[in-house]
Amino acid sequence: MSSAELDASAMRGAHARGERSVRLTIEDTLARIARIEPTLGALSAVLADSARTRADELDAARANGFEPGALFGVPVVLKANLCQTGVETNCGSRVLAGWRPPYTATVVERLLAAGAVPVAVAHMDEFAMGSSGENSAFGRARNPWDLARTPGGSSSGPAAAVAAGLVPLALGSDTGGSVRQPAALCGIAGFKPSYGRLSRHGLVAFGSSLDQVGPLARSVRDVELALEVLSGFDERDSTSLRAAPVARSARTSLAGLRVGVPQEYFGAGLDARVRATIETALGELEALGARRVPVSLPSTALAIPCYYVLATAEAASNLARFDGVRYGPRVDGDGSLEGMQAATRGAGFGAEVKRRILLGTFVLSHGYAEAWYGKALAVRARLRAEFEAAFAAVELIVSPTAPTLAFRLGEKSADPLSMYLSDALTVPASLAGLPALSVPAGFARDGASELAVGLQLVGPFGADAEVLAAGRLFEGATRHHQRRPALAAS
Amino acid sequence: MSAIDLDALRKLASLARVRLEDDELRRLAPEFERILEAFGTLARADLGTPAEAPELPAHARADEPLPSLGRDALLAGAPQADEGFFVVPKTIGSAR
């Protein structure tokens, strides 16, 4: 059986039992990458040499009686904003071109300790700012279901790589939907954990009150496996939750589960085909015994401006460090320090990053901060309170993940505002710090294309395992996650 | 509400230390205007509640020295380094 047909759990099992060598899986994976990647464009670097070396080390360790870890021999792809010692981590930006970090992110260390094999670094929107992958300075990934369309963003490369069957598991980051939205548009599972659940030590910062690392996989079962490996307190991240690793929930049925459906998520901007697919999925949840309960989150309409004010303010501050002194290439400018910094940043950042840095500088500037930043903080507090009130009556809140089907590459790139609206349904859970999963809800036709629709499941803070269990039971009953794009079969 | 003209944008770019070419400024100004206008619902919202910072988990580790990255490793990614220091353009006694 080709490695492309195995999920991470099955692959690990085959390696652990000695039915299959890790080296064979890695060779298989590299061959698939060589075949599919030229069409897909998801990867910024293939780590063939280190992957082969590591595969041989793992095979030797097993032969010597070493107890195989939970991801033993599983090939993984990492978004280009997760640090690996000595591996170019450019965040999709010219300002970090060629930068090789001197340390490894905690989540990557934990993957390695569990036996995973990083095989590639994946493209992303520059500094995770974008919803289509088109804001990368180095390459634009395509959607495996229709190569003329976006895979979503900002974790564009990781989502496309998993959906095309290159690897069963990838790590991305989600600030306002950057794991969930591409997972939805690519027909795979993507999870943003509760804020603080996964360490961000070694994740290049964008919006620190929002950023979370998140796994993407072809099944929720694999997301659960990844979360067990990746979660747990990390002293090197001051926002890390002091909590034990997340164990898989023992729930085996959705019977009696109260599922909240917020009317505000089904408003004017929602594509009719997405709406119809989600309605069908809600019916499937009910058929599995869940009880549908209408809920209201009245401040939802303010979530997009609230998010873009807070995230850009934080980005303006976080990205100040890229100034031609400590990282990446330098542009001398007029020869002064300020001139060098401005010239380096002017040449190094792309249009969307500049737009957001300026927006963030504006909303924090004297005379405007109270009207914009202060208001955004107040809206955030209100959104959190509304979620809390809703969770008094339901265990989960479900909605579409993205308001539209995958759009065509280039369709929104000249219109930043319309791109921002792609995040309308994912930013509320980010602002509230809640665990949120996108799981395939079904497919809808647009012309000749069959495109994936994602169902978003949001839980109360800390209820990561319960959200994932519900997603796993939904996918087990509906099997939408087993559909593969034609490209994956090539 | 916004009134972001080219001069105001130039000032913001200078505060943010980002050099923008004139064509970038001219493209950015109407985009900025449109974004701020759309986001005006936020600035105009009557919320009643005072702003409060979100409650985020936060902790500090014990104030004890631990092994850290060496100076050479930290300087390795810098565009210019010399004798254990980052090199920057002269800032004292320069023309500006």
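Note on naming: letters A, B, ... go to the chains in the order of the sequence lines (proteins, then strands), and numbering restarts at 1 for each one.
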To check you understand the geometry: which heavy-atom pair defines the closest contact between [X] and [Y], and what is its length?
{"X": "B/R19", "Y": "A/A343", "result": "NH1-CB, 3.8 Å"}
{"X": "A/D415", "Y": "B/R34", "result": "OD1-NH1, 2.9 Å"}
{"X": "B/A78", "Y": "A/V325", "result": "CB-O, 3.5 Å"}
{"X": "B/P89", "Y": "A/L337", "result": "CB-N, 3.7 Å"}
{"X": "A/P102", "Y": "B/A73", "result": "CB-O, 3.8 Å"}
{"X": "B/H59", "Y": "A/S240", "result": "CD2-O, 3.6 Å"}

Please round to the nearest 0.5 Å and tell me the distance separating atom [atom1] of [X] and atom [atom2] of [Y].
{"X": "B/L47", "Y": "A/L377", "atom1": "CG", "atom2": "CG", "value": "11.0 Å"}
{"X": "A/T312", "Y": "B/I35", "atom1": "OG1", "atom2": "CD1", "value": "9.5 Å"}
{"X": "A/L358", "Y": "B/R10", "atom1": "CG", "atom2": "CZ", "value": "12.0 Å"}
{"X": "B/L66", "Y": "A/E235", "atom1": "CG", "atom2": "CD", "value": "7.0 Å"}
{"X": "A/F362", "Y": "B/L36", "atom1": "CZ", "atom2": "CG", "value": "5.0 Å"}
{"X": "A/L417", "Y": "B/E37", "atom1": "CG", "atom2": "CD", "value": "10.0 Å"}

Does the side chain of B/L20 come within less than 4.5 Å of A/K354's, by heavy atoms?
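Yes - at least one pair of side-chain heavy atoms lies under 4.5 Å apart.
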
Would you say that B/L74 contacts A/Y103 through its side chain, given a criterion of any heavy-atom pair below 4.5 Å between the two side chains?
no

For A/Y420 and B/F39, take the angle between the two ring planes, folded into 0 to 90°, and tell me which bin it lands in: parallel under 30, tilted 30 to 60, perpendicular over 60.
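Tilted.
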
Below 4.5 Å from any heavy atom of chain A, which atoms of [X] appear? Answer side chain, backbone, both or neither.
{"X": "B/A76", "result": "neither"}
{"X": "B/E21", "result": "neither"}
{"X": "B/L75", "result": "neither"}
{"X": "B/L12", "result": "both"}

Distance-only, no hydrogens or angles: does the A/R345 side chain make a donor-acceptor pair with backbone N or O of B/R17 under 3.5 Å?
yes

Tell me if a side-chain donor or acceptor on A/R326 pairs with a main-chain N or O of B/F86 at a distance below 3.5 Å.
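Checked: no pair found.
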
Report which part of [X] has an atom under 4.5 Å of a heavy atom belonging to chain B: side chain, backbone, both, or neither.
{"X": "A/F322", "value": "neither"}
{"X": "A/A432", "value": "neither"}
{"X": "A/A316", "value": "neither"}
{"X": "A/D323", "value": "neither"}

With side chain to side chain contact (heavy atoms under 4.5 Å, CB included) as the criterion, how do A/E338 and B/S14 come out once you've worked through the C-alpha distance, each side chain's angles and the decisive distance to 0.1 Å?
CA-CA 9 Å; A/E338 280 184 27; B/S14 156; over 6 Å; no

Heavy atoms of other groups near A/F233 CZ, more than 12 under 6.0 Å
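It does: A/F233 CZ has more than 12 such atoms within range.
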
I'd like to know which of [options] tops the heavy-atom pair count under 4.5 Å against chain B.
{"options": "A/R355, A/Q341, A/R242, A/M340", "answer": "A/R355"}
{"options": "A/S365, A/G433, A/P329, A/G346", "answer": "A/G346"}
{"options": "A/A342, A/P101, A/S299", "answer": "A/A342"}
{"options": "A/G333, A/G328, A/A320", "answer": "A/G328"}

Under a 4.5 Å heavy-atom cutoff, which of B/Q80, B/R61, B/E31 has the most pairs with chain A?
B/E31

